[in-house]
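Take a look at the structure set out below.
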There are 2 protein chains.
Amino acid sequence: MRYFVAVAEELHFGRAAQRLAMAQPPLSRAIQQLERRLGVVLLHRTTRAIALTEAGAVLLREARTVLDAVEAAERRTRRAAGGQPGVVLAAKAGASRELLSKLLDAYAAEPGSAAVEVMLCGPGEPESLLRTGRADVALLHRPYDTTAGFDTEDLHTEQQVVVLPKGHPLANRAHLSLVEVNAQADLPLPRWPGRDGSHPDGPGPQVRDHTQLFQLIALGLACAVIPESLRDQLRDDHAIVPVPDAPAVTTVIAWPPHSRSKAVADLVRTATRLQPTPAAAPTPA
Amino acid sequence: MRYFVAVAEELHFGRAAQRLAMAQPPLSRAIQQLERRLGVVLLHRTTRAIALTEAGAVLLREARTVLDAVEAAERRTRRAAGGQPGVVLAAKAGASRELLSKLLDAYAAEPGSAAVEVMLCGPGEPESLLRTGRADVALLHRPYDTTAGFDTEDLHTEQQVVVLPKGHPLANRAHLSLVEVNAQADLPLPRWPGRDGSHPDGPGPQVRDHTQLFQLIALGLACAVIPESLRDQLRDDHAIVPVPDAPAVTTVIAWPPHSRSKAVADLVRTATRLQPTPAAAPTPA
DNA sequence: CGCGACCAATACCCGTGCGGTATCGCCGCC
DNA sequence: GGCGGCGATACCGCACGGGTATTGGTCGCG
């Protein structure tokens, strides 16, 4: 499975073999064996390049979850034996700052609370940390993060705003629409790295964190649509305008299914009690 | 991992080896290697019997999900290559009968709908079918089924009722509480098989499906607490009484996370549009 | 149009590791 | 105290995974 994922990602036996620290021929054979075992063609080979078949794409997705599950199994087992009952909480650096500190305070005040180690990380990372067992619980943000495969509780929903350089012509508008924001060719939206660490193509600067982003905006090189709770991290050289038709962002607390940890359960309970989940009810048309 | 699950379930190397169709010594060594690789003691050995350590219990749970994921990967890949885009829907036999037929009719009327193969199965089964990729989508019933690890949409919530033999002294009551039901020593609750196929210990007859159950009740040998929508399957030799304090049962449609199948997505959309989800809002205290 | 470069597949070889058989050591039970 | 059950150890053989050398087919370039 590791082999197949490597080949499917590189689409090149030689490079995949290099990544796996092995020679190319055994890798070729291993994939052939896999195909024979499954009775399925996984790769279209054109001697010059290879491409995934439809079945291959399915297996790539499934194999990734298998490998994540294996990694999580090892890690969780080791940690269960370690004895220390601490809990690891992952959250995107900068996001939901106030909620996070409230949660930590409230949980620490609980009787019998365990030590909480907070991992602050880049966008998209908490998800994979949770999936591979490096974190026990995470704060995610729909619809940016995909919560598929986790148990979640909604904590907070908020509208998004666009951040503009101070003094921009649009900065005085009462609100903007998404199409208006996208139409600003002089202020492109930034490109965040994908889960593989590479940036998508397109206009706009590459950014890795909010500090970079806000600096670029202040310099008049970009704009960005962000949840409104991030406004307290802006300097006074920014302006914000609500974008009512941007999707609302929901902060959720997520944990792996089948988690039997008391600490995680307590943490989740504390989080849900923290706020009466304002605006949680979906507004019907 | 297969080895460890077998040993952990049997708690006996000999039987586990037999189940794995191998000899006992290699199995012992394999588990020892696993323990060394992880640097963790998984089993407490007392030469006479073995018991899981806490870490072992964690690994057992994790290993099961890994094995399920592997099985699902194989099956889904094979099916993706098979070409036929049909979708497999799993549901407990008898439960949500009306909802199921409505769903199938509505989906068949959709443009571009695929063939739906319905698997009717015993209690608890749909969950594992979904987890191992034998089914693409399932109807589950909280809180009986655990929906952990799946994406779900609530379809319907209903109260539960107790089914009594016709003419039973309690049959004329307007409602009963759970403690009153449990206190009926002459009418014990039945024992359903667990996910391993074995029945828990206790009083009460062993049952495998609703037909058995209803017959036993009619004979005055048991009673049962069931969702009220099952009442239309009862014969007239039964009586039902609402049990307001029994947990409400929610029928949900569940599918594996990361499912990219159009047919599954359509089916889910059809299901959610089927009914305006009556009584979906939780009633706050 | 032919030569060279690139890339996956094949041929062949070797070492490790997994599984099997035989046996031991330990404990509980009659 | 002897026997039986169970897990661990010792030793052996083979099969499979991985390495090196080479082939075969296809594209690009002169």
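So you know, we letter chains A, B, ... as the sequences are listed, proteins then strands, and number each from 1. All values reported here derive from a predicted model rather than from experimental measurement.
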For Arg19(A), the side chain to side chain donor-acceptor pair (under 3.5 Å) test, sequence neighbours excluded, returns Glu9(A), Glu10(A)
Quick one: side-chain contact (heavy atoms from CB on, under 4.5 Å) partners of Ser261(A), sequence neighbours excluded? Ser259(A), Ala263(A), Val264(A)
For DNA chain D, note the earliest and the latest nucleotide, 5' to 3', having some atom under 4.0 Å of a heavy atom belonging to chain A. dG17(D) to dC27(D)
Using heavy atoms and a sub-4.0 Å distance, could you list which residues of residues 17-25 of chain A are near DNA chain C? By number, please. Gln24(A), Pro25(A)
For Arg134(A), enumerate each residue passing the salt bridge (charged side-chain N to carboxylate O under 4.0 Å, His left out) test, keeping only those at least two apart in sequence or located in another chain. Glu71(A)
Nucleotide dC26(C), atom C1' - distance to CD1 of Ile50(B) in whole Å: 16 Å
Side chain to side chain donor-acceptor pair (under 3.5 Å) filter on Arg61(A), not counting sequence neighbours, yields none
Sorted by number, residues from residues 31-46 of chain B placing a heavy atom under 4.0 Å from DNA chain D are Gln32(B), Arg45(B)
Can you tell me the distance, in whole Å, between the CD atom of Glu10(A) and the P atom of dA8(C)? 11 Å
Let me know the distance between CG of Leu27(A) and P of dC7(C), rounded to the nearest Å. 14 Å
Set of residues satisfying side chain to side chain donor-acceptor pair (under 3.5 Å) with respect to Glu35(B), sequence neighbours excluded: Arg45(B)
Just to verify, what does Arg2(A) make a salt bridge (charged side-chain N to carboxylate O under 4.0 Å, His left out) with, not counting sequence neighbours? none
Closer than 3.5 angstrom, by distance alone: can the side chain of Gln18(B) be matched with the main-chain N or O of Gly14(B) as a donor-acceptor pair? no
Please enumerate all residues that pass ring pair (Phe, Tyr, Trp, His ring centres under 6.0 Å) together with His210(A), with sequence neighbours excluded. Trp192(A), Phe214(A)
Under the side chain to side chain donor-acceptor pair (under 3.5 Å) test, residues paired with Glu54(B) that sit two or more places apart: none
For Thr146(B), give me all partners under side-chain contact (heavy atoms from CB on, under 4.5 Å), at least two apart in sequence or on another chain. Glu127(B), Ala148(B)
